[in-house]
Amino acid sequence: MHRPTALGGALAALATAAAGVLVAAAVSTTPAAAATGGTGTGYLHTSGNKIVDSTGATVRLTGINWFGMETDNKTFHGLWSSNPWRGQLDTMARLGYNTLRIPYSNDALKPGATATGINDFVNPDLVGLSPLQILDKVVDYAGSKGMRVILDRHRPTSAGQSPLWYTSTVSEATWIADWKMLAQRYANNPTVIGADLHNEPHAEGTNPAATGACWGCGETARDWRLAAERAGNAILGVQPNWLIFVEGVSCPSGGLSNVWDNDPSNDEDCGWWGGNLSKAGQFPVRLNVANRLVYSPHEYATSVYHQAWFDDPTYPANMPAIWDKYWGYLYKQNIAPIMMGEFGTTLQDPKDKVWLQNLMAYTGTGVSGMSFTYWSWNPNSGDTGGIANDDWTTINQAKQDILQPYLIPPTGGGTTSPAPTTPVPTTPAPSGGCTATYKQVNAWQGGFQGELTVKNSGTAAVNPWSATWTWPSGVTLASGWNATVTQSGTTVTAAAPTWASSLAPGASVTIGFTANGTAAAPGAVKLNGTAC
């Protein structure tokens, strides 16, 4: 829902802006290996209220949103930071986010679209690439880590959200054509599992003269349920293996209540933009391919809008009944899976911490709980903040601590675009020691990017762990991630982050970095003083 600046609350009105009609050709991309373990094997489908993989095993998507491709930058935000794009995905995966929801606008898909806001020193491999080419790289790398990707049509243009799935300048035909293009582009890549058709359909106009998105009203131009069927079936005609994620509306009538007309029949109970699926039981989305539908509500806290239910004297005990009414019943009655596509808060109001704790408990624990993608990784979401802090490297531990028990980390995956791997010069590891391998990810004039993987080959956990290595004179650290990385002279130290201080027996940690100087493998690697 929320961008670098706050968009207000459930009843906010947003203007739409003009955009040209997109014509795009299908482009092939290297398929990432099928994800395994934490996000299942092969393509996903549904069974009752569960999401299951190609073997029938239940999968719970516990993901995060990384936005920016829907804004004027037309690509992921944070690419301007000192943390390389791969380092950010590394951290997301290691924290336990197994799915990435990627918002985009149709502007970013246009031929000739230009990605901006990229630090070419930190991310030299992205320079000159189109938004779609950058998306390809993110998809491939996420897939190599076992993550899944959901594409989210967030805005018709980069100017702002729209209550309907089309505007005067971005037609329904363009909306569907772009979805078909994306479905073809990633048709053979099981990392990309589905389409979130349109972000936050919502009410506009005052009842009875509603002009916004309704649910079940039967008007072709406004009934979001019918539009979701048209787009979903068009996508499944191209890629029948995708899941179709359908958000709710705000007010089922598609209009705001007129509190001045003294006519209660025009007043209704409205929820968050995209968050009201109360009519989906009566008017379900009907798709031509069975077992592909996932309902995807949005849910927010007081930092977004102070809804009346936050002031109920029974709060937070009143919240489960509200969630049941708007969308939880679909899961509890085994009608369809729920994948809560957005939810978030700054945690500045004490009520919000209680809200987040209770909401997570409501989703259930373990693999059978409801799926979700938290809003957001980005720290520059004006009304929620992010999991990442302003440096795009360290994390907001208060939020992470609440989410952590519900996260199912990705496992497996394969490699894409293999980079040369150079073994680190090692001495024989003593019993209870460690091993180390090094991979040079990229190099450019005056610098390089690498990953050092250190494995605890001992029989006891190392807590807290700390790895050290040496570089030749003239090589200096530029940035590091997955640890607190510092340099003194020719010695580099990577200290364990607070959220992953222990390295279990047999476990490994991959420390990413960029450096200035001639590319060189780390030497004399040690784990807590023991040579690897």
Side-chain angles (χ1 to χ4, degrees), residues 43-52 61 101 150-154 162-166 172-173 175-180 182-183 193-203 212-254 270-299 323-342 370-373:
Y43 283 106
L44 308 182
H45 60 281
T46 69
S47 177
N49 65 2
K50 300 289 187 285
I51 296 174
V52 297
L61 306 177
R101 181 175 179 261
I150 298 167
L151 301 177
D152 156 44
R153 192 289 191 117
H154 209 80
S162 60
L164 299 172
W165 54 96
Y166 63 92
E172 177 175 308
W175 173 55
I176 292 176
D178 286 352
W179 266 127
K180 291 171 68 175
L182 290 169
I193 57 170
D196 189 335
L197 298 177
H198 175 63
N199 189 66
E200 296 183 347
H202 57 272
C214 64
W215 191 292
C217 68
E219 295 182 30
T220 303
R222 294 199 304 116
D223 195 330
W224 168 235
R225 173 247 197 165
L226 298 178
E229 292 175 351
R230 294 192 294 273
N233 286 326
I235 292 167
L236 293 171
V238 172
Q239 169 47 299
N241 293 312
W242 268 16
L243 296 174
I244 302 300
F245 296 87
V246 180
E247 300 182 27
V249 294
S250 58
C251 307
S253 70
C270 298
W272 297 108
W273 286 3
N276 191 333
L277 286 157
S278 60
K279 296 291 186 181
Q282 180 182 359
F283 301 103
V285 173
R286 301 156 298 184
L287 298 175
N288 294 336
V289 181
N291 303 317
R292 296 295 184 269
L293 174 65
V294 179
Y295 287 113
S296 187
H298 291 186
E299 183 70 27
W323 296 325
D324 283 349
K325 176 183 63 177
Y326 284 133
W327 44 270
Y329 75 97
L330 295 164
Y331 179 88
K332 291 186 174 181
Q333 296 177 23
N334 204 37
I335 295 171
I338 288 293
M339 201 290 292
M340 191 162 48
E342 292 183 19
M370 301 181 201
S371 293
F372 58 83
T373 49

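Remember, it's a predicted structure, so these values are computed and weren't measured experimentally.
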Checklist entry - Does the distance from a Lys or Arg side-chain N to an Asp or Glu carboxylate O, for Arg153 and Asp196, drop under 4.0 Å? => result no
Next on the checklist: Quick one, Val285 with Tyr295, criterion side-chain contact (heavy atoms from CB on, under 4.5 Å). Give me CA distance, side-chain angles, the key distance, then yes/no.
Outcome noted: CA-CA 9 Å; Val285 173; Tyr295 287 113; 4.0 Å; yes
Item to check | Under 3.5 Å donor-acceptor, Thr373 side chain and Arg101 backbone | outcome: no
Item to check | Worked verdict on Ile338 versus Trp327 for side-chain contact (heavy atoms from CB on, under 4.5 Å) | outcome: CA-CA 8 Å; Ile338 288 293; Trp327 44 270; 4.0 Å; yes
Next on the checklist: Working note: Ser371 + Ile51, criterion side-chain contact (heavy atoms from CB on, under 4.5 Å); need CA distance, chi angles, decisive distance, verdict.
Outcome noted: CA-CA 9 Å; Ser371 293; Ile51 296 174; 3.9 Å; yes
Next on the checklist: Angle between ring planes, Trp179 versus Trp242, binned at 30° and 60°: parallel, tilted or perpendicular?
Outcome noted: perpendicular
Checklist entry - Do Cys214 and Cys251 have their SG atoms under 2.5 angstrom apart? => result no
Item to check | Pairs flagged by salt bridge (Lys or Arg N to Asp or Glu O under 4.0 Å) wherever residues 288-297 is involved - sequence neighbours left out | outcome: none
Checklist entry - Is the closest side-chain heavy-atom distance between Trp224 and Leu197 below 4.5 Å? => result yes
Next on the checklist: Does any part of the side chain of Met370, heavy atoms only, come nearer than 4.5 Å to the side chain of Met340, both counted from C-beta?
Outcome noted: no
Next on the checklist: Please find the pair of heavy atoms, one from Pro240 and one from Val289, that lie closest to each other, and give the distance.
Outcome noted: O-CG1, 4.0 Å
Checklist outcome for this item: In short, salt bridge (Lys or Arg N to Asp or Glu O under 4.0 Å) pairs touching residues 273-284 with sequence neighbours left out are none
Next on the checklist: For a side-chain contact (heavy atoms from CB on, under 4.5 Å) check, start with the C-alpha distance between Ile150 and Phe245, then their side-chain angles and the critical distance, and finish with the verdict.
Outcome noted: CA-CA 9 Å; Ile150 298 167; Phe245 296 87; 3.6 Å; yes
Checklist entry - Hey, is the main chain of Gly281 close enough, under 3.5 Å, to the side chain of Tyr329 for a donor-acceptor pair? => result yes
Checklist outcome for this item: When every non-hydrogen atom of Cys217 is compared with those of Arg222, the smallest separation belongs to SG-NH2, 4.2 Å
Next on the checklist: Looking at every heavy atom in both Ala213 and Pro163, which two are closest together, and how far apart are they?
Outcome noted: CB-O, 3.4 Å
Checklist entry - Which heavy-atom pair separates Leu293 from Leu287 by the least distance, and what is that distance? => result CB-CD1, 3.9 Å
Item to check | Contact summary for Pro201 and Gly248, nearest pair of heavy atoms | outcome: CD-O, 3.4 Å
Item to check | Nearest non-hydrogen partners of Val246 and Trp215, listed with the distance | outcome: CG1-CH2, 3.9 Å
Item to check | Contacts of type salt bridge (charged side-chain N to carboxylate O under 4.0 Å, His left out), residue Arg225, not counting sequence neighbours | outcome: Glu229
Checklist entry - When the ring planes of Trp175 and His198 are compared, do they come out parallel, tilted or perpendicular, using 30° and 60° as the limits? => result perpendicular
Next on the checklist: Could you check whether any side-chain N or O of Asn49 sits under 3.5 Å from a backbone N or O of Tyr331, counting only pairs where one atom can act as donor and the other as acceptor?
Outcome noted: yes
